[in-house]
Protein chains: 2
Amino acid sequence: MKKIFLKDIAEALDLSKTAVSLVLNGRGDENKISKETQKRILDFAEQNSYRPNQMARGLSLGKSETIGLIIPNISDIFYARIAHHVELRAKELGYNVVFSSSNENSETEKELIYSMLNRQVDGLIIASTQKNQKDILKLTEAGFPFVLIDRHYPDIETNYVIVDNFGGTHNMTRHLLKNGRRKIGFISIKSQLEAMVQRRLGYERAISDEGFELLKYHTKTIDRFNYQYEMKAAIQSMVQSEQRVDAIVFTTHYLAASGLRELKLLDIKVPQEVAIISFDELGAFDLVDPPITSNKQPVDAMGNHAVEILVNEIEKKNSMVDNKRVLRTQLLIRKSCGA
Amino acid sequence: MKKIFLKDIAEALDLSKTAVSLVLNGRGDENKISKETQKRILDFAEQNSYRPNQMARGLSLGKSETIGLIIPNISDIFYARIAHHVELRAKELGYNVVFSSSNENSETEKELIYSMLNRQVDGLIIASTQKNQKDILKLTEAGFPFVLIDRHYPDIETNYVIVDNFGGTHNMTRHLLKNGRRKIGFISIKSQLEAMVQRRLGYERAISDEGFELLKYHTKTIDRFNYQYEMKAAIQSMVQSEQRVDAIVFTTHYLAASGLRELKLLDIKVPQEVAIISFDELGAFDLVDPPITSNKQPVDAMGNHAVEILVNEIEKKNSMVDNKRVLRTQLLIRKSCGA
DNA sequence: ATGAAAGCGCTAACAG
DNA sequence: CTGTTAGCGCTTTCAT
């Protein structure tokens, strides 16, 4: 496995580096290099398993055929799945993926963005902390190709692929109402994320749309890094007050899992006493006791669209591509709502 | 956000590129560059947010400060977690991570290995399909730094970080025996993976160690890409034969989830009629009905050790580092075994 | 203490 | 049709 360079093959075949480079990049015909010469080059490269140094190539070309993916946390199954689909689609379109996790830290995210730029990625897909307005704006101004995924900045004009968060919780809440629940609680994470704001609005609207009353203390937000602990208090206050809830909407999968854990500890019957419903789901939500009704996000489509929009922009192919997508979620009805 | 280069800062400060480069790489003192000059350079770089082009740097240095991670599938929560810990530790040690999924395809894996080499990664962490003996050998011969994770090639001398698969299932099976189960089935994936072989041996040994009889038809292997379908048949034959099992050992999390699904469809009571136990677990296994006893793998330690061994080798620091780790798994006892 | 110059491996005008 | 040559941006030896 001795390393072989472009120069080596040029010398071995007594040709110029140019000829070799051209042929290897599929521009032999276009440059009228004889079929025969082309074949010699291709064969030699093949036999000696020539592999161009991508750093040199990238430096020269000014691009890397690599897409950077920045997400909050790769060990969150939701983002892992997105990463999976981003990777698949990117590969199909000839791009590699470099990923990094921001851990919900905007400083880290910022560092990551610049670090990826230094690494000369051709474009970025970002599930942002939504606290880097300034840097996102810089990217836009610099005309650098990127698309926001899962979370977007409503005040900045960018490409994005998100889901209909409002519609999602609206639907979830209506499902609960349809099943006769009237005291519906809501547990979310403490966050300015637009997605979370929308989820809350969807919940509130569904209740007021149906003419029911919204009880303020039935809404709790808890810290995402300390949710197990805070969940205990949230659940207790919800089920122990005189205005005891008969259902709870959770805005994300790990909250739902944690909430159910607490309900079980308190020996509250789900769904008989309290129904629960979750935005997005974990792997085994259909096996959980009881199976949790959840609002599934189309991770595959999210990943695919993000890559397609990005690559289209990188390659400046078609300006008519729809660069803002709001995807529908899908309600998976299971027993945790009693229905 | 206009791009600024090394040359620009040298010119602006009326210095040579050398001086600037040296200082920026923290070798100012060592090259006796006046404190004052150093400060000027550093300040200027800071203010103009200078960012070295990593491709140029990499090309010149012959390294990229990047680690390549090749795994079967990033959307498998087990590998996603490993990726997460690899990323964290790598970052601490000053490396970036590039990842790609092989989808259990050895051809893809091979392509990935070479593609990463072309991209000049400094080292590789591979959860191999275990069908690329040849290419792994080439890496060894070439002296390229890499470490196998989760799956190793028993016949090749390499660095690796794996778990004690034999011990794991041995333990799991003993747990079942201790709880009075005698007809213990075993469901695994069809695979030559050493890990799977060991898991099977651990199971068999536990049974024979205790002097019980091993019933061949209680062992099933099913296709990993078609497991939901094949699981149905496997479970049915296990519970419907006259030699009905009273427990099942699953060699991986998604098999356990799928198996439980089938048991429920058949209305088999778990654990009363059949106990189940799983090697590794999914996010909500503690909430599942019944909570599934599982043998947890130390993903954090696996990721950390892999990175440490790799970086140690890349930087040729300490040849005394233990480069073969077999980590212990941990049995999380829950209700699915009746105990 | 600082700078000139060569070179990392590849691409691409441009000239023959 | 092919080769010469000049970079891409950064590091680093070797003089000064």
Side-chain angles (χ1 to χ4, degrees), chain A residues 2-42 44-45 48-66 114-115 117-122, chain B residues 2-42 44-45 48-66 114-115 117-122:
Chain A
K2 181 143 145 284
K3 270 218 172 140
I4 169 178
F5 300 116
L6 193 66
K7 194 182 66 172
D8 300 328
I9 120 158
E11 282 172 4
L13 263 35
D14 204 30
L15 292 169
S16 73
K17 292 196 319 183
T18 314
V20 179
S21 172
L22 252 20
V23 171
L24 256 21
N25 286 298
R27 311 229 241 81
D29 288 341
E30 165 185 333
N31 287 68
K32 305 198 196 135
I33 292 176
S34 75
K35 283 288 173 207
E36 190 197 356
T37 308
Q38 293 202 34
K39 188 163 167 19
R40 284 174 62 212
I41 295 177
L42 261 9
F44 190 91
N48 295 275
S49 56
Y50 167 71
R51 302 259 164 192
N53 178 322
Q54 297 293 346
M55 303 218 90
R57 189 153 196 274
L59 180 58
S60 187
L61 249 30
K63 60 177 184 181
S64 59
E65 280 157 352
T66 298
Y114 291 111
S115 147
L117 291 183
N118 301 345
R119 288 190 138 71
Q120 311 302 113
V121 297
D122 296 339
Chain B
K2 181 140 147 288
K3 268 216 172 142
I4 169 177
F5 301 116
L6 193 65
K7 195 182 67 171
D8 300 329
I9 121 158
E11 282 172 3
L13 264 36
D14 204 30
L15 293 168
S16 72
K17 293 196 316 181
T18 313
V20 179
S21 172
L22 251 22
V23 172
L24 256 21
N25 287 297
R27 310 226 244 83
D29 288 341
E30 161 187 334
N31 287 68
K32 304 194 195 139
I33 291 176
S34 75
K35 283 288 175 209
E36 189 197 357
T37 307
Q38 293 201 34
K39 188 163 167 20
R40 283 174 64 213
I41 295 177
L42 261 9
F44 189 91
N48 295 273
S49 55
Y50 167 71
R51 303 257 162 191
N53 178 324
Q54 296 295 345
M55 302 219 92
R57 189 152 198 275
L59 180 58
S60 185
L61 249 30
K63 61 178 183 178
S64 59
E65 280 158 351
T66 297
Y114 291 112
S115 146
L117 291 184
N118 300 346
R119 290 193 136 71
Q120 311 301 112
V121 297
D122 296 340

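Quick note: numbers below take in every heavy atom, side chains included, and nothing from hydrogens, waters or symmetry partners. Labels below follow one simple rule: chain letters A, B, ... track the order of the sequence lines, proteins then strands, and each chain is numbered from 1.
At least one donor-acceptor pair under 3.5 Å links the side chain of A:R40 to the backbone N or O of A:L13. In this structure a side-chain-to-backbone donor-acceptor pair under 3.5 Å is missing from B:Q120 to A:N53. Side-chain N or O atoms of A:Q38 include one that pairs as donor or acceptor with a backbone N or O of A:I33 at under 3.5 Å.
The side chain of B:L6 sits closest to D:dT11 out of D:dT11, C:dC10, D:dG9. For B:T37, whose side chain is taken as the heavy atoms from C-beta onward, the closest listed nucleotide among C:dT2, C:dA12, C:dG9 is C:dT2.
Residues B:A56 and B:A19 both approach DNA chain C. Their nearest nucleotides, taken by heavy-atom distance, put B:A19 toward the 5′ side. With the nearest nucleotide of DNA chain D identified for both A:S16 and B:F5, A:S16 has the one nearer the 5' end.
Look at A:R57 and you won't find any side-chain N or O under 4.0 angstrom from OP1 or OP2 of C:dG9. Distances shown here put every side-chain N or O of A:N53 at or beyond 4.0 Å from the OP1 or OP2 atom of C:dC8. Between A:R27 and C:dA12 there is a side-chain polar atom (N or O) within less than 4.0 angstrom of OP1 or OP2. Taking side-chain N and O atoms only, B:S21 has a distance below 4.0 Å to OP1 or OP2 of D:dT11. Using a 4.0 Å cut-off, no side-chain N or O of B:Y50 falls inside it from OP1 or OP2 of D:dG9.
In this structure, A:I41 places its CD1 atom 13 Å from P of D:dC1, rounding to the nearest Å. Distance B:M55 CE to D:dG7 C1': 16 Å, rounded to the nearest Å. Between B:K63 atom NZ and D:dT11 atom P the separation is 11 Å, expressed in whole Å. The interatomic distance linking B:E11 (CD) with C:dG3 (P) rounds to 12 Å, in whole Å. The CD-C1' distance, from A:E36 to D:dC1, rounds to 13 Å in whole Å. One interatomic measurement links the two molecules: NZ of B:K17 to C1' of C:dG7, which rounds to 11 Å at whole-angstrom precision. Here the P atom of nucleotide C:dG7 and the NZ atom of A:K7 are 10 Å apart, to the nearest Å.
For C:dA4, its base sits under 3.5 Å from the side chain of B:T18 at one donor and acceptor pair at least. Contact of A:S60 with C:dG9 (side chain to base): no donor-acceptor pair of N or O atoms is detected under 3.5 Å.
In this structure, A:L59 reaches the bases: a heavy-atom distance under 4.0 Å links it to at least one base atom across the strands shown. Using a 4.0 Å heavy-atom distance criterion, B:N25 is classed as a sugar-phosphate-only contact. At the heavy-atom level, A:S34 lies under 4.0 Å from the strands shown only through sugar-phosphate atoms. Looking at heavy-atom distances under 4.0 Å, A:L15 makes contact with sugar-phosphate atoms alone, never a base.
The shortest non-hydrogen separation linking B:Y50 to B:F5 is CE1-C, 3.7 Å.
The number of heavy atoms from other shown groups lying within 6.0 Å of CD (A:E30) is above 12.
Checked by atom type, the side-chain pair B:R119/B:T66 shows no donor-acceptor distance below 3.5 Å.
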